[in-house]
Every structure is written in C-alpha cells, then in structure tokens.
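Below, chains carry the letters A, B, ... as their sequence lines are ordered, and counting in each starts from 1.
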Number of protein chains: 2
Amino acid sequence: MNQEHSGSGDPAKSLELLWRRRPAPTRGPKPALTVDGIVTAALKVADADGLVAMSMRRVADELGVGAMTLYRYFPGKGELLDVMLDTVYGELPRRVVPGDWRAALDEVARENRELYLRHPWLLQVAISRPPLGPNVMAKYEWELTAVEGIGLTDLEMDATVSLVNGYVHGAVRTAVEARQVIQRSGMTDKEWWLAHVPHLDQIGDLEKFPLSSRVGTAVGNEFDAPYDAEHAFEYGLERLLDGVSALVGNRTAPEG
Amino acid sequence: MNQEHSGSGDPAKSLELLWRRRPAPTRGPKPALTVDGIVTAALKVADADGLVAMSMRRVADELGVGAMTLYRYFPGKGELLDVMLDTVYGELPRRVVPGDWRAALDEVARENRELYLRHPWLLQVAISRPPLGPNVMAKYEWELTAVEGIGLTDLEMDATVSLVNGYVHGAVRTAVEARQVIQRSGMTDKEWWLAHVPHLDQIGDLEKFPLSSRVGTAVGNEFDAPYDAEHAFEYGLERLLDGVSALVGNRTAPEG
DNA sequence: GCTATTCTTCGTACAGTGTACGCAGTTGAC
DNA sequence: GTCAACTGCGTACACTGTACGAAGAATAGC
C-alpha cells in the first residue's frame with residue numbers, strides 16, 4: 001500500500017454513479033464528456049503508468065479538458081476510483097465450475113490473479129468498504145457460489161472466500177513489486193545481490209546466519225533470483241486449498 | 001500499497017547506515033544529530049500518524065532542525081525508511097519453539113502480526129529487496145529455524161516462510177484498513193451499511209444476489225460488521241497450517 | 001596563531017498533488 | 001426575451017522530495 005481511498009461522500013451520489021442512474025439534465029450546455037469516457041481514460045493512465053501517475057490533471061489532459069472539468073462528473077478522485085474498480089471487476093469471466101469446490105476455488109483464485117496482473121493499481125486500492133456497484137456485487141456472489149453446498153456454515157463460506165482473495169492479493173502484490181523493482185532499479189535480483197555481497201563480506205557477520213546462507217543459496221541456484229512468482233503462487237495456493245480441504249473433509253464425514 | 005520504496009543508492013552507503021559503520025569525521029563542526037536520533041523521531045511520527053505524515057519536513061520539525069539537515073545523515077527518504085524497517089524488526093522477541101514446527105510457525109505468525117499492528121506503516125513498505133541490516137537478517141534466520149529439520153527441501157522451507165509472512169501481511173492489512181476507515185469516516189461498518197441499504201433497495205437488483213444476501217446477513221448478525229479481524233486471522237492461520245501439515249505429513253511418512 | 005580544508009546547517013526553488021471558489025458563457029423553460 | 005440551470009475551467013493554497021549553493025564552524029598542518 002500507499003492506500004488510495006474510496007469516496008467518502010454520500011452513498012446516494014456514489015451509487016448513482018456506480019449504477020449509472022444519474023438523471024440527464026434538461027437545461028444548460030450539453031456535457032462534453034461522459035462518465036464512461038472519463039473512466040476509460042483514467043483506466044488507460046492507471047494501467048499504463050500506475051496509480052501514482054493517475055492524477056486528475058493527467059486524466060483531464062488525456063481527454064483534452066481542464067482538470068476541474070472532471071469535478072462536474074465526479075465529486076472527487078475517490079469516487080472515480082470506485083467506478084474504475086467496479087468497471088474492471090466486470091472483466092472477470094466468472095466461470096462457474098459445478099460439483100467440484102476445489103476446482104471452483106482454484107478458478108476464483110486464478111481469475112482474480114489475472115485481473116490483478118492486468119491492473120496492478122488494484123493492489124493499491126483499499127476495499128474494506130467496497131463500492132457497491134453491479135460488478136463488485138456479482139463478483140462476491142460468484143465467489144460464494146464456489147463454496148456453496150459443501151457443508152460449510154455461512155460464516156465459514158465468507159471466511160474462506162476472504163482467505164482466498166487475501167492470498168491472491170498478497171501473492172500478486174509480491175510478484176508485482178518484484179517486477180517493478182527490476183524496472184525501477186534497472187538491475188536484476190542477481191545483480192542486486194552481487195552488488196551487496198562484497199560489502200556484506202566486509203561486515204563479516206554472515207556466519208551468524210547459517211540457515212539463511214544455505215537456503216538463500218539453494219533458492220538463488222534454482223531461480224537465479226531470491227523469488228520466483230509462479231512457483232510461489234502455485235505452492236501457496238496448493239497449501240491453502242489443502243487446508244480448506246481438511247475442514248471440508250471433517251465436515252462431510254460423520255461427526256465423532 | 002501506495003508503495004514507498006527503499007533507497008536505490010549504492011549498497012555501500014546503505015549497508016554502512018544499517019550496520020552503523022560510518023567512520024566519524026575528524027574535521028568540521030560536530031554534528032547536532034545522530035542516525036539513531038533521526039530514526040527514533042521518524043518512528044514516532046510514522047507510528048502516530050502513518051507514513052503519509054512522515055515527511056522529511058515533519059521529522060526535521062520534530063528534531064528542531066531544517067528539513068535539509070536530514071540529508072547530511074541519509075542520502076534520501078528511502079534510506080531512512082530502510083533503517084526504520086531494520087530497527088523495528090529488532091523488536092521481534094524471536095522466541096524459538098523447539099521440536100514442534102506447527103507451534104513454531106504459529107509463533108512466527110503471531111510475532112509478525114503484533115509487529116504490524118504496532119507499526120501499521122510497515123504494511124506500506126515494499127520489501128521485495130529488503131534492506132540487508134542485522135535485524136532483517138536475524139528475522140529470516142529465525143523464521144527458517146521454525147521449519148528446519150522437518151523433512152522439507154530448502155526451496156520448500158523458503159516458500160513456507162514466505163507464505164506465512166504473506167498471509168500475516170494480508171490479514172493485518174485488511175484489519176488495519178477496516179480500523180482506519182472507521183476513524184476516517186466516523187462511521188461504524190453497520191452505520192455505513194445502513195446508509196446504503198435504502199438506496200440499494202431503490203435500485204432493486206438485490207434479488208439477483210441471493211447468496212450474498214444470505215451470507216452477508218449471517219456475517220452481519222454474528223459480528224455486527226461485515227468483517228471481524230480476530231476471527232479472520234485465526235480461521236485463515238488454521239487453514240494455512242493445516243495445508244502445510246498435509247505436506248509435512250506426506251514427507252515424513254514413508255514414500256509409496 | 002594563521003590558513004586551508006572539510007564539514008555543518010539550512011533558505012530557496014521547482015515541479016508536482018487534490019480540490020475550493022468563482023467567473024464566463026451556453027442552453028432550454030417559461 | 002428573460003432567467004435559472006448548467007458547463008468548462010483559471011487561479012489559488014498548502015503540501016511533497018530534494019538539488020543547489022551560501023554562510024559559518026571546527027580542525028590539520030604549518
């Protein structure tokens with residue numbers, strides 16, 4: 001995170017925007033822009049250069065208008081982010097895998113992962129109170145479908161879906177960070193490590209960390225880097241679903 | 001994230017700062033500040049008001065000096081963050097639980113959780129290339145100790161430790177976001193929900209989301225909020241360790 | 001003690017940020 | 001034709017990290 005926040009304005013205005021229920025004005029000049037047009041431009045900027053680059057001025061430039069013009073369409077930047085979020089959630093295929101909760105949860109994880117990879121700025125948006133737009137709500141409904149009817153309580157269903165979502169968020173965040181730091185520094189992980197080793201040797205406390213040295217070397221040899229995103233994602237997801245499996249298995253088995 | 005980054009400067013300078021190996025200058029005026037003093041002031045600001053508030057000017061104010069003075073001690077804000085990170089990692093008790101990998105990993109998770117809760121700004125610091133200070137290295141060594149000698153490969157040891165760390169990061173991030181949004185909005189989750197319901201009813205598509213309605217209601221009744229941090233953390237950690245258990249169990253059992 | 005060198009503190013400046021305020025011009029309702 | 005409603009947007013404010021260079025302090029070498 002540096003977290004970016006949702007709009008804190010009144011729910012009526014936010015929901016009006018999310019569900020496109022704004023009544024068209026009868027008088028005054030015809031608006032030059034549309035909500036969808038602004039969101040498209042903002043998504044273009046955010047996808048290309050990240051949330052940091054997505055300033056109101058930059059989005060306005062993209063549309064050939066002044067910065068303050070955007071405030072005729074959105075109460076503030078927070079509300080624009082809300083609509084951007086709901087919009088990209090609409091990209092989820094939301095494929096349903098019936099009869100196999102593990103495959104269904106796997107699908108949920110992978111679709112979410114693809115979405116984060118396509119829109120890495122999503123990782124920086126705080127969603128503890130998600131914008132209640134059509135696609136946000138459809139996403140939650142779809143995720144619950146994956147764990148419906150397998151013997152979990154409603155609370156456990158919610159907790160499981162949250163757990164998978166949290167896992168994917170963390171895994172992709174780590175992967176994206178790793179990718180971005182290579183870009184920003186112009187250095188691969190190996191180069192970075194090799195630049196540090198001589199100075200660390202000089203400090204000379206390395207023998208106090210025998211496990212780190214052994215494991216670090218093994219990881220470096222395997223991946224040419226201290227971190228491999230693909231491997232980490234698969235490993236973690238398997239552990240996680242195994243953990244859920246232990247719970248589901250207990251639940252469907254007769255109680256002792 | 002809005003991610004804050006580490007210092008990208010040369011490793012020599014960074015390691016010198018992290019390990020406090022800067023040679024004391026012989027000539028010139030006596031420095032008015034120390035590295036530790038600046039870090040303490042910066043931690044005070046970050047703990048109290050978050051990373052957003054921790055500007056160079058604010059830290060300098062805290063110390064009664066001009067903003068540019070700090071640049072005599074640190075090449076830039078990134079390096080200051082690096083030393084802050086290594087410093088708070090030093091707060092970990094690093095208790096070792098011998099002979100029981102599950103209890104040991106549980107301890108790792110809980111100590112990390114406490115650290116994040118005490119210093120929520122840690123959640124916003126990108127650590128894909130961690131500052132190689134004494135406490136960062138000791139932390140990794142301690143975490144590996146928890147899974148040493150239980151039949152995992154070196155790669156699996158690293159992946160397991162990363163998985164637990166990633167899980168804790170995500171769980172605390174969600175919890176902290178939830179706490180902060182209450183502060184910022186001056187609204188409890190229940191109040192927020194009740195403010196939205198009438199407008200959602202008016203939009204009238206709620207019957208398209210039956211699972212969400214049922215599960216959401218159950219969660220709301222149980223916790224008076226759509227999210228309970230304590231419950232989510234315990235539930236997720238148990239699933240995670242169960243998943244690791246499945247792997248360790250396979251490994252220690254004789255191979256087919 | 002004198003001077004040259006090194007090291008300190010820090011004021012100013014620059015290009016950015018979100019958005020409050022208010023003005024000028026355009027459109028449709030009456 | 002008049003007025004209210006509406007649009008676009010210029011300006012301003014308080015912030016950010018930090019490059020640059022000036023002014024002064026402490027010491028090494030003589």
>> Looking at A/E141 and B/S212, would you say the former's side chain and the latter's main chain have a donor-acceptor pair under 3.5 Å?
In response: yes

>> Categorize A/Y73 for me: base, sugar-phosphate, or nothing, with a 4.0 angstrom heavy-atom threshold over every strand shown.
In response: sugar-phosphate

> Sequence neighbours excluded, which residues qualify as salt bridge (Lys or Arg N to Asp or Glu O under 4.0 Å) partners of A/R94?
Replying inline: none

>> Among residues at least two apart in sequence or on other chains, which ones pass salt bridge (Lys or Arg N to Asp or Glu O under 4.0 Å) with B/E16?
In response: B/K13

> Sub-3.5 Å donor-acceptor pair from the side chain of A/W19 to the main-chain atoms of A/L132, do we have one?
Replying inline: yes

> For A/E191, what residues pass the salt bridge (Lys or Arg N to Asp or Glu O under 4.0 Å) criterion, not counting sequence neighbours?
Replying inline: none

> So which of residues 14-28 of chain B are in contact with DNA chain C, with a heavy-atom cut-off of under 4.0 Å?
Replying inline: B/P25, B/R27, B/G28

> Closest nucleotide of DNA chain D for B/K30 versus for A/P31: which of these residues is on the 5' side?
Replying inline: A/P31

> Which residues within residues 54-62 of chain A lie with some heavy atom under 4.0 Å of an atom in DNA chain D?
Replying inline: A/R57

> Do any of residues 37-47 of chain A sit with a heavy atom less than 4.0 Å from DNA chain C, and if so which?
Replying inline: none

> Is the backbone N or O of A/F209 less than 3.5 Å from a side-chain atom of A/S213, with the two atoms forming a donor-acceptor pair by type?
Replying inline: yes

> How would you list all residue pairs meeting salt bridge (Lys or Arg N to Asp or Glu O under 4.0 Å) that involve residues 114-126 of chain A, not counting sequence neighbours?
Replying inline: A/E91-A/R118

Side-chain donor/acceptor pairs under 3.5 Å, residues 43-57 of chain A, sequence neighbours excluded:
unit_1 : atom_1 : unit_2 : atom_2 : d
A/K44  : NZ     : A/E62  : OE2    : 3.1
A/D47  : OD1    : A/H119 : ND1    : 2.7
A/D47  : OD1    : A/W121 : NE1    : 2.7
A/D47  : OD2    : A/H119 : ND1    : 3.2
A/D49  : OD2    : A/R58  : NH1    : 3.3
A/D49  : OD2    : A/R58  : NH2    : 2.9
A/S55  : OG     : A/R58  : N      : 3.1

>> Under 4.0 Å from a heavy atom of chain A: give me the 5'-most and 3'-most nucleotides of DNA chain D that qualify.
In response: D/dA4 to D/dA12

> Hey, does the Lys NZ or Arg CZ of A/R113 hover above the aromatic six-ring of A/F233, less than 6.0 Å from the centre and inside 45° of the axis?
Replying inline: yes

For residues 22-39 of chain B, tabulate all N or O donor-acceptor pairs below 3.5 Å that involve a side-chain atom, not counting sequence neighbours.
unit_1 : atom_1 : unit_2 : atom_2 : d
B/T34  : OG1    : B/G37  : N      : 2.9
B/D36  : OD1    : B/R20  : NE     : 3.2
B/D36  : OD1    : B/R20  : NH2    : 2.4

>> Looking at B/D86, is its backbone amide N or carbonyl O close enough to the side chain of B/N135 to form a donor-acceptor pair, meaning the two atoms are under 3.5 Å apart?
In response: yes

> salt bridge (Lys or Arg N to Asp or Glu O under 4.0 Å) with A/E207: which residues, sequence neighbours excluded?
Replying inline: none

> Contacts to DNA chain D from residues 63-70 of chain A, heavy-atom cutoff under 4.0 Å, which residues?
Replying inline: A/V65, A/G66, A/M68, A/T69

>> Is the ring pair A/H231/A/F223 parallel, tilted or perpendicular, if the boundaries are 30 and 60 degrees?
In response: tilted

